[in-house]
2 protein chains.
Amino acid sequence: MGKKTTIYDIAEKLNITAATVSRALNGNSKISEKTRKLVNDTAKEMNYEQNKLALALKSGKSFNVGVIVPRIDTNFFASVIRGIEDELHPNGYHVIICQTHDQENLEIENINSLLNAQVDGILMSISNSKLETNQHFQKLLKKGVPLIFFDRKKDIAGVSSVTIDDFKGAYEATQHLIDQGCKRIAHYSSNRDILIFKNRYLGYKQAIIDNGLEFDETLVIETISKIIEGRKITKQLLAMKNPPDAIFSVSDFTALGAIEEIKAHGLKIPEDISVVGFSNEPFTRFMELSISSVDQSPIEMGRISAQVFLEEANNSKKIKSEKQVVLSPELIIRDSSLKSKVLVDN
Amino acid sequence: MGKKTTIYDIAEKLNITAATVSRALNGNSKISEKTRKLVNDTAKEMNYEQNKLALALKSGKSFNVGVIVPRIDTNFFASVIRGIEDELHPNGYHVIICQTHDQENLEIENINSLLNAQVDGILMSISNSKLETNQHFQKLLKKGVPLIFFDRKKDIAGVSSVTIDDFKGAYEATQHLIDQGCKRIAHYSSNRDILIFKNRYLGYKQAIIDNGLEFDETLVIETISKIIEGRKITKQLLAMKNPPDAIFSVSDFTALGAIEEIKAHGLKIPEDISVVGFSNEPFTRFMELSISSVDQSPIEMGRISAQVFLEEANNSKKIKSEKQVVLSPELIIRDSSLKSKVLVDN
DNA sequence: CTGTTAGCGCGTTCAC
DNA sequence: GTGAACGCGCTAACAG
C-alpha cells in the first residue's frame with residue numbers, strides 16, 4: 001500500500017534525472033522555468049513529500065532537538081516545554097521529550113540516546129541527584145552539540161543557560177516576610193548541589209542578615225518537593241519550643257504541605273505563621289487561602305532557551321560563546337503572607 | 001572537532017570490512033568470538049556510537065512517534081504524555097511533541113511534518129475546531145502509519161482509540177447531583193462534534209430523564225474551557241428567573257469560574273448551588289472548597305495508548321484491527337457537591 | 001566465518 | 001540547463 005514516492009519516481013515519469021528534480025524542488029537558480037513548473041506539478045500530483053531522514057543523514061542536521069526534564073507532568077516543566085515548542089516549531093524543529101525521574105542514570109542514558117538520534121541540540125534541566133559526574137555533558141561539548149540548561153543548571157564552561165535570578169527571588173520573598181513583621185523565618189530548601197536551590201538559600205540568608213535578624217541554621221531544612229514532606233517537616237518545626245513565625249519554601253508543594261499542617265494545628269495563616277512558596281504553580285492562585293509565591297515565567301524561559309539554541313545552532317562554526325541569560329523573578333503576594341490588607345492595591 | 005566515528009573507521013583500523021563490524025556489533029550468530037570481542041573492544045575504545053538516522057533510513061523505522069495535543073501545559077495532557085513516554089522509552093522509542101493550539105491548520109501541518117520526519121506512528125487528541133476534514137487522517141492510514149486517538153477522538157474506520165467512558169462519567173456525576181437533591185441541573189458543554197463532549201452531554205441528559213426530572217435544553221450551554229468563560233455563562237444563568245441548583249461542567253476550569261461567580265453573588269456552595277467538574281485537575285483537590293470532578297486517569301490513558309501503538313507497530317503486516325479501549329472514569333466527590341457531610345467516608 | 005555489492009532517499013560536485 | 005556519479009552510515013543479499 002502506501003509506498004512513498006521519491007524524487008526518482010517523479011524523475012522517471014518525466015524522463016529526467018533525480019538531480020534535476022531535486023534542484024527544481026529546492027528552487028535552484030539554474031533551472032528552466034518550464035521544467036520547474038513541470039516538476040512541481042507532478043510532484044504535487046504524485047503526493048511527493050520530502051524524506052527528512054535522508055536529508056538529515058546527508059546534511060547532518062536532523063532538525064530535532066532533545067528536551068530533558070525530571071518529569072513532564074508538572075506545570076513548571078510542561079510550561080517551559082510549551083515555550084520551547086512554540087518557538088522552535090516555526091523554525092522547522094521538532095521537540096523530543098525525555099524524562100529523568102530525577103535519576104542520573106536515566107539522565108545519562110537519555111543524552112546518549114538523543115545523541116544517537118543525531119539531535120541538533122539538547123535543552124535540559126538537570127536531575128536532582130547527588131552524583132558529581134559531568135562526563136555526559138562534556139561528551140556533548142566534544143561532539144559540538146549545543147547544550148542549554150534551563151532552571152536547574154550546573155556551571156560548566158561552554159554551556160549556556162537560562163534561569164531566573166533565584167538569589168533575588170529568594171531575597172525579595174524573605175524581605176517581604178520581614179516587612180510583614182516576621183522575625184523567625186524558616187527556609188525549606190532542597191539539594192544545594194543544584195545552583196537554583198543554593199542561590200535561593202543564599203538570597204534568603206542574605207536578607208536575614210541585611211535586616212539585622214538572627215540567622216538560625218536550624219531553621220533551614222533540606223527536603224524534596226512533595227506535599228507530604230512539607231507536612232512532615234512542618235510538624236517537627238511546630239514542635240519546637242521556639243517555632244518560626246514564617247516559612248519561605250523553595251517549592252510550592254512543600255509550602256502547601258506546610259499550610260495544611262499549620263491549619264491542622266489550629267494556627268492561623270498569615271497571622272500566626274506566614275508562608276511563601278516558589279514557582280507559582282497554578283493551584284497557589286486558585287486556593288481559597290491563596291499562596292504567595294515567586295513566579296519564574298516558565299513559558300518565557302522556554303522561549304528564550306529555544307532562542308539561545310537557535311543562535312548557537314546558526315553560529316556553529318564560531319567560538320562557543322556560552323550565554324547566561326538571567327530572567328527576573330516576580331514575587332506574587334497573596335493571602336498566605338499578607339497580614340495588613342491595607343497594603344493590597346489589587 | 002568531534003567527528004563521529006563510524007563503522008568504517010573501526011573497520012579500517014582492524015583491517016576488516018564494515019559489514020563484519022556491523023555484524024559483530026549486532027550480535028550476528030555467524031561471527032567468530034574472537035573478532036566479535038576485538039570489534040566490541042575497539043568500538044568502545046574509539047567511542048563508537050550507532051547513527052540511528054542511517055539505520056532509520058535503511059530500515060524505514062525511525063523509532064520516533066509523534067504525539068499531537070492541543071497544548072502541553074495543562075495537567076491532563078502533560079500527564080498523558082508522561083504515561084506515553086514512560087511506556088515507550090523502555091521500548092527504545094522517542095516521543096516528539098507537537099501542539100495544535102486547537103487550530104485545525106496546525107493539526108494538519110503537524111501531521112505532515114511528522115510524516116516527513118518518518119515517525120513510526122502518531123498518538124493524538126484532536127483539536128477543538130469545527131472543520132470536518134478527515135483527509136489528514138486518511139493520509140496516515142493510506143501510508144500505513146498507525147494512528148491512535150486518546151481522549152478527544154473521532155470515529156474513523158481503522159483508527160484505534162483510548163478514552164474513558166464519558167457517557168458513564170457524566171451519568172454518574174449527574175446522578176450524584178440528583179442524589180444530593182438537585183432538580184435543575186445545568187450542563188456546561190463544549191463542541192459536541194468531538195465525541196467526548198457529545199457523550200458527556202448524552203450521559204447527563206440520560207441521567208436527567210432516567211430520574212424523571214424535566215430536561216431543559218436552555219440549561220445546556222456550549223462554551224470553551226476557560227475560567228473567564230465559566231464566570232460569564234454563570235452570570236447569565238444566575239440572572240434567570242428560575243436559576244439552576246446545580247452545575248455539571250465538562251471542564252474543571254469553567255467549573256472554577258462558576259464557583260467564583262456564584263460566591264461573588266453571595267450564594268453558598270453546595271447548599272444553594274452544587275458544582276461538579278471534569279478531569280480532576282490538581283487544583284480541584286487543593287482548593288479550600290474542593291471541587292468534585294471526574295477523574296480520567298491520564299497517566300494510565302497515556303500508557304495504554306502507547307501499548308496499543310506498540311501492538312500495532314509489531315503487527316504491521318496483519319489486518320488493521322482497530323482497537324477501542326474504554327477506561328472507567330471515577331467520580332471524585334468533594335466539597336463543592338456534598339451537602340450531607342454524613343455521607344463522607346473519607 | 002568474512003568480503004563484496006547494493007541500496008535506503010537525498011543533495012551536490014563535476015562534467016557536458 | 002541538465003545528466004552522471006558519489007557519499008551520508010548502515011544492513012542485507014549474495015558470494016566464497
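All chains are named by letter (A, B, ...) in the order of the sequence lines, taking the proteins before the strands, and each is independently numbered beginning at 1.
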| said: So, using side-chain contact (heavy atoms from CB on, under 4.5 Å) as the criterion, who are the partners of A:Val325 when residues are at least two apart? | reply: A:Val162, A:Ile304, A:Val308, A:Lys323, A:Leu327

| request: Starting from P on C:dC1, measure out to NZ on B:Lys37 and report it in whole angstrom. | output: 18 Å

| What is the distance from CD1 of B:Ile31 to P of D:dT11, rounded to the nearest Å? | 12 Å

| said: Per the ring-ring contact (aromatic ring centres under 6.0 Å, His included) rule, what does the pair list look like for residues 25-70 of chain B, sequence neighbours excluded? | reply: B:Phe63-B:Tyr93

| message | I need the CG-C1' distance between A:Asn26 and C:dC10, as an integer number of Å. | response | 9 Å

With the criterion being N/O to N/O and under 3.5 Å, what pairs connect the protein with nucleotides 13-16 of chain C, and how long is each?
| from | atom 1 | to | atom 2 | distance (Å) |
| --- | --- | --- | --- | --- |
| C:dT13 | O4 | A:Arg23 | NH1 | 3.3 |

| Heavy atoms under 4.0 Å, any strand shown: does A:Ser22 hit a base, just sugar-phosphate, or nothing? | base

| field | Any residue of residues 7-14 of chain A with a heavy atom less than 4.0 Å from an atom of DNA chain C | value | A:Ile7, A:Tyr8

| Rounded to the nearest Å, what distance is computed from the CG atom of residue B:Asn15 to the P atom of nucleotide C:dT4? | 12 Å

| Roughly, in whole Å, what's the span from NZ in A:Lys4 to P in C:dC8? | 14 Å

| Distance only, no hydrogens: is a donor on one side chain within 3.5 Å (strictly under) of an acceptor on the other, for B:Asn112 and B:Lys139? | yes

| message | Rounding to 10°, can you tell me the angle the first-five-pair axis of the helix from C:dC1-D:dG16 to C:dC16-D:dG1 makes with its last-five-pair axis? | response | 50°

| Quick one: side-chain contact (heavy atoms from CB on, under 4.5 Å) partners of A:Asn40, sequence neighbours excluded? | A:Leu25, A:Arg36

| B:Lys30 NZ to D:dT11 C1', straight-line distance once rounded to whole Å | 13 Å

Tell me which donor-acceptor pairs under 3.5 Å the side chains of residues 78-92 of chain B have, and how far apart each pair is, sequence neighbours excluded?
| from | atom 1 | to | atom 2 | distance (Å) |
| --- | --- | --- | --- | --- |
| B:Ser79 | OG | B:Asn75 | O | 2.8 |
| B:Arg82 | NE | B:Asp86 | OD2 | 3.1 |
| B:Arg82 | NH1 | A:Asp73 | OD1 | 3.3 |
| B:Arg82 | NH1 | A:Asp73 | OD2 | 3.3 |
| B:Glu85 | OE1 | A:Gln99 | NE2 | 2.9 |
| B:Asp86 | OD1 | A:Gln99 | NE2 | 3.1 |
| B:Asp86 | OD1 | A:His101 | NE2 | 3.0 |
| B:Glu87 | OE1 | B:Arg303 | NE | 3.1 |
| B:Glu87 | OE1 | B:Arg303 | NH2 | 3.2 |
| B:Glu87 | OE2 | B:Gln307 | NE2 | 3.3 |
| B:His89 | NE2 | A:Glu109 | OE2 | 2.7 |
| B:Asn91 | ND2 | B:Glu87 | O | 3.0 |

| side-chain contact (heavy atoms from CB on, under 4.5 Å) against B:Ile196, all qualifying residues, sequence neighbours excluded | B:Asp151, B:Arg152, B:Asp166, B:Ile194, B:Arg200

| query | Tell me: CD1 of B:Ile16 to C1' of D:dG16, nearest whole Å? | reply | 18 Å

| message | As an exercise, state the distance from CG of B:Asn191 to CG of B:Asn128, rounded to the nearest 0.5 Å. | response | 4.5 Å

| said: Pairing donors with acceptors under 3.5 angstrom, does anything connect the side chains of B:Glu104 and B:Ser127? | reply: no

Distance-only check: which donor-acceptor pairs under 3.5 Å involve side-chain atoms of residues 11-21 of chain A, not counting sequence neighbours?
| from | atom 1 | to | atom 2 | distance (Å) |
| --- | --- | --- | --- | --- |
| A:Lys13 | NZ | A:Glu45 | OE2 | 3.4 |

| message | Under 4.0 Å, heavy atoms only, any strand: does A:Ser32 hit a base, just the sugar-phosphate, or nothing? | response | sugar-phosphate

| Cut-off 3.5 Å, side chains only: do B:Ser160 and B:Gln324 have a donor facing an acceptor? | no

| request: Not counting sequence neighbours, which residues clear ring pair (Phe, Tyr, Trp, His ring centres under 6.0 Å) with A:Phe76? List them please. | output: none

| task | Could you tell me whether the side chain of B:Gln138 reaches within less than 4.5 Å of the side chain of B:Ile156, counting heavy atoms only? | result | yes

| said: A:Ala24: which residues meet the side-chain contact (heavy atoms from CB on, under 4.5 Å) condition with it, sequence neighbours left out? | reply: A:Val39

| said: Nearest to the side chain of B:Thr20, heavy atoms from C-beta on, is which of C:dT2, C:dG9, D:dT11? | reply: C:dT2

| request: Report the distance from atom CG of A:Leu147 to atom CD1 of A:Ile111, rounding to the nearest 0.5 Å. | output: 7.0 Å

| Taking DNA chain C as the partner, which of residues 49-60 of chain B come within under 4.0 angstrom of it by heavy atom? | B:Leu57, B:Lys58

